[in-house]
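Chain naming here is simple, since letters A, B, ... match the order of the sequence lines and numbering starts at 1 in each.
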Amino acid sequence: MNKEIISKAINKYGREREHLMNILRELESLSEDNYLDVETLSELAEQMNIPKSAVAGFVDFYTMFKTTPRAKYVIRICKSTSCHIMGARTIFEEIESILDIKPGEATRDGIFYLETCQCLGVCSVAPAMMINYDIHGNLTPERLKKIIDDYRKKEPVDGEACGPEVEGKKCIIEGTPQTKRLLENVGVVNPLEIDTYVAKGGFDALKKALGMDRGDIIDIIKDSGLRGRGGAGFPAGMKWSFVTKGDMQKYVICNADEGEPGTFKDRILMEENPQALVEGMAICGYAIDASIGYIYIRGEFRRSIIRLQKAIDQARAKGYLGKNIFGSSFSFDIFIKEGGGAYVCGEETSLINSMEGKRGYPRFKPPFPGVTGFMGKPSNVNNVETLMSVPMIIEKGADWYKSVGLAGCTGTKLYCLSGKMNRTGLVELPMGATLREIIDIHGGGMKCGSKFKFAQVGGSAGGMLGEDLMDIPLDIDNPMKHGVTLGSGVVLVADQNTCPVDFLLQILSFFEHESCGQCVPCRVGTSHLHAMVKKFAERKASISDIDLMIKKAELMKKTSLCALGQSPVMPIVTILKYFRSDFEKHCDPSHRCPECESSLTTYYIF
Amino acid sequence: MNIEFIIDGKLIRAHKGQSILKAALLNGIDIPHLCYHEKLSATGACRLCIVKVNGMYKASCTEPVAEGIDVVTYDEELSMMRKELLEMLLAEGDHNCLYCHSNGNCELQNYCYQYNVEPPAKDLPKNIREVDLTSSQGIKRDENKCILCGRCVKACAEIQVNFVWDFAGRGSHAHLTSDMYEKIGDSSCIQCGTCVQLCPTGALSFQTVLGRGMNWELKKESSICIYCGVGCKIDFYTNKEGKLVKAMGNDEGPNKGHLCVKGRFGFDFVQSNKRLTTPLIKKNGKFEKATWDEALDLVASKFGEIKEKSSPDALMAFASAKCTNEENYLMQKFMRSVIGTNNIDHCARL
C-alpha cells in the first residue's frame, strides 16, 4: 500500500496511538484482499511514530485483522453456543461444500475466504454469519446458497444495508406481558431522527439533571438501586462516587463491547434508541464532572455504530452535546471507539487499553478506572443498559425505578432468549423473572419436538440451570446462592439433542480462543481445559479427568488476573452437577455420540 | 514508613503505595515471583506471588500495602497453587535443563525444584514457538523456553527505551515479536543484552555462553568498563580454563546493571591471540620484538630529535578513552611540561 494512502488514513483519524484501531480497519478495507501486509504496517508505525512491535502485537491480538491475504469477502461463521445448538455445524458444512474450501482458505477466484468466529450478538436469529461487516441470521442451507449467490454479484455493504432479520426491532419479542421501560421507545422513536426522541420527552432528564447538584444525582442513582447490567452487578451510583474529584480531565466510558455468547441486548438498545444512550452518558458526565464520553463498541456492530454516530452528530447540532449545554456551564461531547474482535475487551481495563491503541490486556486493580483510567485519567465505565437506565431514573425518580424488581435488585432487566424455544429475542421484565416464566410465557414454550434439558444463564461464563432451578428469581443475587449467575441476562435453552460434553467443548474452546494470554493460569489453563474436554468428546478420557478438569478450573478461579480466567469453573461445575454420567459414558471408547463426532469433524482439522 | 501490617505474623512497616511483594522483599521475606523484577514496573502475569490478604487471594506484586492487613505468604494451599502454576509453565514450554545454558542459574528451575514439581503429562497441548539461534550476533532466542513473563518487553521499553520486543498472538498462541515479526538479527535491536540479563529462564541467551562452562563453575570478577566515561560496573565471568565467558551489568555501578553493546560483548580482545604483549620495533621494514627499555629509549631519543630539529609544536599526543583518568592526566602533563606543547587531544569515546 503506498505511503499516501497510509498518511491519508492517519490524517483522517489522528496521529495518536489511540486511533490505531480505526486506521487499521480503514486500511484493511482498502486492501483488495482484506488484510494488512507487513510493509504497510511498518510504514504506518513509522508515520505514526509508534514502535513497530506495538503495531505488530496489536494487529495480532484482534481477530478481525490478518497479515496474510484473505479475499474480497471474508465469511465468518459463528460457532458460539447459541449458534452451535441452532445448527452452526450444518451451515459450516454447507458453506464448505458450496465454496469447496476449509477455514483459513480462499476460493480460487479470490472472492471468498472462510473463518469461524465467536458470538456476533444476533443470537435470537441463530445460526448467523458475517460477510465482511454484513451480518446475516436465520441461516438455512437454502438461504445460505442464495446469500452467497447474491454476493458474487454485488458490492460490499455495511450498516443499514445489513440483513434486515438482524435489525434491533426485529429481535424483540412482542405480545407477551412485559414491563417496557428501556424498550418503551423502540418502534416509537426513529433511531435516525433525534427530533422523534425529543418529541417523546428526550433530553428532558438531561435538562433536569443540569439544574441539580452533582452529588444529588449520584444519590438518586444510589437510591434507585441501579446495578451494573454488564454482568458483575456493581451498584452504579457507588461506582460514580468512586471517581476521583478534582480539576483533571475525566471520562465517561460506555462499555458496548457486547460479546458474551447469547447476549444481544445492548446492540438492540443502540440500534433502536441511540439517543437515550447519548443522554444517559451526558447525565453521567455531569454527575462525575467529565467533559468527554467514549463509546467503545464492537467493530462488528456496524448498524449500531452508524446510528450512534448519527445520534451524536444530531445531538451536537441541536446543542444537547457540545459547549454549555442548555445554557449551563456544563460541556460534554461523545466519541466512538471501535473494537477489533476480542471478548476480553469487555473487561473494563482491557477495554481501556484497547481504546488507547494497545493490546487488550486487562490491567491489575487497584488502581481502578475511577482513579486511573483512560490515558491515566479518572474514568467511569458502565454498560449500555446501565447508562440508558439513567435518564428515566432522573426523570421519574428513584422510587418509581424501585417500584419493580426485587429489594436488592431493582428495576427491569433485559433477558436475551435464544435456543430451542418457539420464540427467541429480547424481553424486558422486572428483575427476578424465573426461568419457567421466561420459557413458558415469553419463549412460548419449547419448540415442537424439543424437551427441556438445561438452560445456560449468563452466557458462556454462566452456569447451567436444570429443572430444579426453574423457579428461582433470576436477579443478580439469587442465582449466586445456587452457584449460577445472571450475568448479562442470557437465557440459552438446550433440548434433548444437546450433548453436555459437546456443549462444554464449545464453551471451553471459546475461552481458549478469547483468553488474552497475559497471565499464566488463564493462558495455559484455558488451553488445557479445552484439550481435556476434547478428550471426552473423542472418548479418550478417563473418569479421573473429570475431577482434574474441576481442579484446574478452580486454580484458575483463585489465581487468574481478570474475570475471564475465573469464569470457566462455573459452566464446568454446573454442567457436571447435572450431567456427570454423560461425561462418564464418554470415557467408554465404544460409546457413540453423534453430536461430539459431528463437532470434531466440523471444527477440528485432523 | 507510615503503614503497619502483618506478614506471616511479623509486623512490617512500609510506605504508602508500595506493593506487598516489595515490602516483603525489603524485610527479608521471599515470595516466589517470576514476572516481577525490581527494575521494571509490575506486570502481575505469572501469579506465582499470590498470597492471602485477609484470607483473599491477591497477587502481591500488584497489591498495595494497607494498614492492618494480615498477609500469609506461605501455607499448604498456596504452596499447592504455586506448584500447579509451575506445572502449567512446564507443560506449556519445552524446558530441558540438560541442554540449557541457564542450567543452575534459572529462576524457573529454582522454583520447580523448591516446589517439587513433577514433569508434566505428555498429552497436554503445546504451541511450538520461534527458535532463532543464528540471526543475531549477540542474542539467541528459544521461545519454547519462554514463560511470557514480559520482562524482556519491559526491559527493552523501560530501560533501553528501544521497544524492540512486544507480545503478539493471543491466549495460548501468544508469543514474542521483535519489531514487525522479524528475526532478532533483522530487527532494530542494538544488542544491549538487557533483555537477556533480565530473562528468568533460558529463553533469551548470549551467543558466547553455551558450552563454555556450567553456571556453577564460572568465577565472577567485577571491573569497570574501559570504553567510555560512564564507567559502567561489569561482572566478568570466567570459566575453569580462565576464559572470559560473559559480561553482566553490576547493579551497584552507576549503570545500575545496564550495559551497552560494547560493554556487553566487546571483551574478546582481552584474550585475543592477536593482542600485543611486548613492544615491537621496525627494523629493516619488519617488526621485531623488543624490551620496554629498548622501545622507550628509542621513542625518547626520536622525540628529542624532533623537538630539537623543529619545535615542541611539531609533536602532538592523542590519548585513549580506554585509559583511566589518571593515565590521561599524566599524558597531558607529559606533553605540556616535558615536551612543551599544548598539542594534546583525546578520542573521547570508543
Review point. Cation-pi between B:Lys52 and B:Tyr57: NZ/CZ under 6.0 Å from ring centre and within 45° of the ring axis?
Key: no
Check your understanding: Quick one: does NZ or CZ of A:Lys358 land under 6.0 Å from the six-membered ring centre of A:Phe58, within 45 degrees of the ring axis?
Key -> no
Contacting moiety of [X], where chain B heavy atoms sit under 4.5 Å:
{"X": "A:Lys535", "answer": "side chain"}
{"X": "A:Phe61", "answer": "both"}
{"X": "A:Arg359", "answer": "side chain"}
{"X": "A:Tyr361", "answer": "side chain"}
{"X": "A:His513", "answer": "both"}
{"X": "A:Thr63", "answer": "both"}
{"X": "A:Thr526", "answer": "neither"}

By a 4.5 Å heavy-atom criterion (distance strictly below it), what part of [X] contacts chain A: side chain, backbone, both, or neither?
{"X": "B:Ala157", "value": "neither"}
{"X": "B:Glu77", "value": "side chain"}
{"X": "B:Leu148", "value": "both"}

Hey, are [X] and [Y] close enough for a salt bridge, meaning a charged N less than 4.0 Å from a carboxylate O?
{"X": "A:Lys534", "Y": "A:Glu538", "value": "yes"}
{"X": "B:Glu92", "Y": "A:Arg523", "value": "yes"}
{"X": "A:Lys552", "Y": "B:Glu84", "value": "no"}

Review point. Among B:Leu89, B:Leu48, B:Asn127, which has the most heavy-atom pairs under 4.5 Å with chain A?
Key: B:Leu89
Review point. For chain A, which of B:Cys35, B:Ala174, B:Gly171, B:Pro125 has the most heavy-atom pairs under 4.5 Å?
Key: B:Gly171
Review point. Parallel, tilted or perpendicular: which describes the rings of B:Tyr115 and B:Tyr74, with under 30° parallel and over 60° perpendicular?
Key: tilted
Check your understanding: Is B:Glu143 reaching over with its side chain to a backbone N or O of B:Leu176, donor-acceptor style, under 3.5 angstrom?
Key -> yes
Revision key, fill the gap. Side chain to side chain donor-acceptor pair (under 3.5 Å) test vs B:His258 passes for just one of B:Gln160, B:Arg264, B:Gln197, B:Lys39, namely B:Gln160
